[in-house]
Colleague: 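Handing you a structure now.
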There are 2 protein chains.
Amino acid sequence: MGKGEETRDSILDTALDQASLVGLEGLSIGDLAKKTGLSKSGLFAHFGSKEALQVEILRTAMRRFAKIVVAPAQRQAKGIDRLRALFENLLDWTEKGGIRGGCIFLAAAVELDDREGLAREFLVETQQIWLRTLAKAVQRTVREGDLGVGVDSQDFAYEIHGIYLAYHQAKRLLHDLGAKGRALRAFETLIANNR
Amino acid sequence: MGKGEETRDSILDTALDQASLVGLEGLSIGDLAKKTGLSKSGLFAHFGSKEALQVEILRTAMRRFAKIVVAPAQRQAKGIDRLRALFENLLDWTEKGGIRGGCIFLAAAVELDDREGLAREFLVETQQIWLRTLAKAVQRTVREGDLGVGVDSQDFAYEIHGIYLAYHQAKRLLHDLGAKGRALRAFETLIANNR
DNA sequence: GAGTTGACAGCACGACCGTTCGTTTTATTA
DNA sequence: TAATAAAACGAACGGTCGTGCTGTCAACTC
């Protein structure tokens with residue numbers, strides 16, 4: 001890995017953390033330069049535009065998400081174990097990933113939903129992949145017999161996603177200490193109701 | 001209503017709409033002045049600071065939410081009818097309220113969750129009131145016999161909230177046309193599973 | 001209808017924004 | 001080690017940001 005790539009990666013590490021705190025738009029290049037010890041123009045040259053930087057931040061987040069949430073779950077047996085692993089890894093993936101702010105995908109989702117551009121497109125793709133991953137795990141669980149045959153995998157994936165969203169808000173906005181317990185309970189209830 | 005108040009209200013109408021599109025932080029006073037036909041300083045004088053403006057925007061949103069979502073539901077019979085009305089009114093309250101962007105409370109939630117200040121405090125209060133309102137409606141539904149006695153009203157409120165969050169994201173970010181149907185289905189399933 | 005209050009405009013402030021450019025330093029390769 | 005390419009810097013650009021201050025004109029009060 002050349003010097004350039006190395007710098008670029010360390011910029012993106014800092015940028016991801018910072019963006020999780022202040023958002024993709026709230027992130028400023030000058031501030032990021034100060035935090036990484038680079039000059040503004042030197043940092044800028046790595047990406048060419050702020051939008052490109054935002055896309056790269058999202059790409060970095062996605063890779064980290066894949067490593068922390070998805071990959072470990074793939075090592076579980078197909079079916080309910082894998083589905084549960086996906087959900088449980090999801091709950092504190094940002095902490096495990098060294099990201100101080102909340103889930104950047106959720107922040108970006110509301111930040112970008114009324115804009116257009118490459119960052120939005122990238123995010124939409126990412127979210128769809130995640131929902132498909134979840135739905136596939138559900139489908140597999142049905143096939144393994146741990147969920148009833150009437151279960152719609154897409155509906156089910158959305159409901160799991162909803163539990164995560166509510167959990168995230170309760171934890172980060174309301175500082176609700178019972179948030180995680182409630183999320184886990186909601187997940188298990190959902191499973192139990194659909195056997 | 002004096003002239004000042006009138007202007008203030010019309011500023012806040014525009015500001016709420018705009019903030020729903022670009023966020024509370026993304027909203028700029030200069031741009032808002034242009035849109036309302038005022039000078040920047042003239043508009044600014046109404047609030048004294050950007051943070052105060054943000055709080056007033058949230059207050060405006062809360063009032064509109066109460067009028068569109070909560071008030072009509074209060075006219076329904078206590079119990080399942082009222083609970084269902086709350087949920088269904090919720091789904092497109094922004095459209096009915098003439099707000100072009102998404103639900104400003106959700107946008108603000110992720111924008112403010114790592115900040116501190118009056119806007120955050122106001123939002124937290126608002127969200128807690130809403131969750132309590134929801135939980136009370138659930139409780140009442142249990143008492144009326146339309147939900148089982150084992151139902152935890154707080155848990156149940158959070159699950160409903162989660163359905164809304166997933167719906168909102170599917171609709172606004174993914175432009176998923178099936179989002180509303182899925183949300184309504186999820187709600188009815190939740191009810192049916194807890195009778 | 002005169003006097004007082006409040007609403008608003010105009011202008012300026014320092015700070016910071018993303019972006020460009022030319023130059024200098026540092027790495028890589030021959 | 002010399003030649004070449006890549007990386008980073010410093011200064012500057014035109015703009016916009018939120019926020020003051022001062023003056024003027026319109027709206028209310030008596």
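Residue numbers start from 1 in every chain, and the chains themselves are labelled A, B, ... in the order their sequence lines are given, proteins ahead of strands.
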Colleague: Tracing side-chain links under 4.5 Å among I, L, V, M, F, W and Y, which residues wind up in one group with B:Val110?
Modeller: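 Grouped by the 4.5 Å side-chain rule, A:Val110 form the rest of the cluster around B:Val110.
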Colleague: So what does B:Gly37 touch, heavy atoms closer than 4.0 Å: a base, only the sugar-phosphate, or nothing?
Modeller: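 Contact class for B:Gly37: sugar-phosphate only.
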Colleague: Please give, in whole Å, the distance from D:dA7 P to A:Phe47 CZ?
Modeller: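 For the pair A:Phe47 CZ and D:dA7 P, the rounded distance is 12 Å.
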Colleague: Nearest 0.5 Å, please: how far is CG in B:Asp113 from CG in A:Leu106?
Modeller: 9.5 Å
Colleague: Produce a footprint string for nucleotides 22-30 of chain D: one letter per nucleotide, 5' end first; B if the base is under 4.0 Å from any protein heavy atom, S if only the sugar-phosphate is, - if neither.
Modeller: ------S--
Colleague: Report the residues that fulfil side-chain contact (heavy atoms from CB on, under 4.5 Å) with A:Ala85, sequence neighbours left out, ordered by chain and then residue number.
Modeller: A:Ala73, A:Gln76, A:Asn89
Colleague: Test of understanding: with salt bridge (charged side-chain N to carboxylate O under 4.0 Å, His left out), list the residues that count as partners of A:Lys78, not counting sequence neighbours.
Modeller: none
Colleague: In residues 4-13 of chain A, what donor-acceptor pairs under 3.5 Å come from side-chain atoms, sequence neighbours left out?
Modeller:
unit_1	atom_1	unit_2	atom_2	d
A:Thr7	OG1	A:Lys3	O	2.8
A:Arg8	NH2	A:Glu56	OE1	3.0
A:Ser10	OG	A:Thr7	O	3.2
A:Asp13	OD1	A:Arg64	NH2	2.8

Colleague: When you compare the protein's N or O atoms with those of nucleotides 13-18 of chain C, which come within less than 3.5 Å of each other, and at what distance?
Modeller:
unit_1	atom_1	unit_2	atom_2	d
C:dC17	OP1	A:Ser28	OG	2.5
C:dG18	OP1	A:Lys50	NZ	2.9
C:dG18	OP2	A:Ile29	N	3.0
C:dG18	N7	A:Lys40	NZ	3.0
C:dG18	O6	A:Lys40	NZ	3.2

Colleague: In whole angstrom, give the distance that lies between atom CG of B:Leu24 and atom P of D:dG18.
Modeller: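 Between P of D:dG18 and CG of B:Leu24: 12 Å.
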Colleague: Return each pair, listed once, that meets side chain to side chain donor-acceptor pair (under 3.5 Å) where at least one residue sits in residues 117-126 of chain B; pairs must be two or more places apart or across chains.
Modeller: A:His175-B:Arg120
Colleague: Among all residues two or more places apart in sequence or in another chain, which pass the side-chain contact (heavy atoms from CB on, under 4.5 Å) test with B:Val22?
Modeller: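 side-chain contact (heavy atoms from CB on, under 4.5 Å) check on B:Val22 returns B:Gln18, B:Leu27.
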Colleague: Atom CZ of A:Arg8 to atom P of D:dA7: distance rounded to whole Å?
Modeller: 11 Å
Colleague: In degrees, rounded to 10°, what is the bend between the two ends of the helix from C:dG1-D:dC30 to C:dA30-D:dT1, using five pairs at each?
Modeller: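 It works out to 30° between the end axes.
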Colleague: With sequence neighbours left out, write down each residue that passes side-chain contact (heavy atoms from CB on, under 4.5 Å) with B:Arg182, or none if nothing qualifies.
Modeller: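 For B:Arg182, the residues satisfying side-chain contact (heavy atoms from CB on, under 4.5 Å) (neighbours in sequence not counted) are A:Gln154, A:Asp155, A:Tyr158, B:Asp176, B:Arg185.
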Colleague: A:Lys35: which residues meet the side chain to side chain donor-acceptor pair (under 3.5 Å) condition with it, sequence neighbours left out?
Modeller: A:Asp31
Colleague: Pick base, sugar-phosphate or nothing for B:Leu38, based on heavy-atom distances below 4.0 Å to the nucleic acid.
Modeller: sugar-phosphate
Colleague: I'd like to know whether CD of A:Glu116 has more than 12 heavy-atom contacts from other residues, nucleotides or ligands below 6.0 angstrom.
Modeller: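 No.
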Colleague: Using the side-chain contact (heavy atoms from CB on, under 4.5 Å) criterion, which residues pair with B:Glu111? Sequence neighbours excluded.
Modeller: B:Leu24, B:Glu25, B:Arg115
Colleague: Distance check needed: D:dA7 P versus A:His46 NE2, whole Å only.
Modeller: 7 Å
Colleague: I'd like to know if B:Ser41 reaches the base of C:dG10 with its side chain, counting only an N/O donor and acceptor under 3.5 Å.
Modeller: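 Such a pair is found, so the answer is yes.
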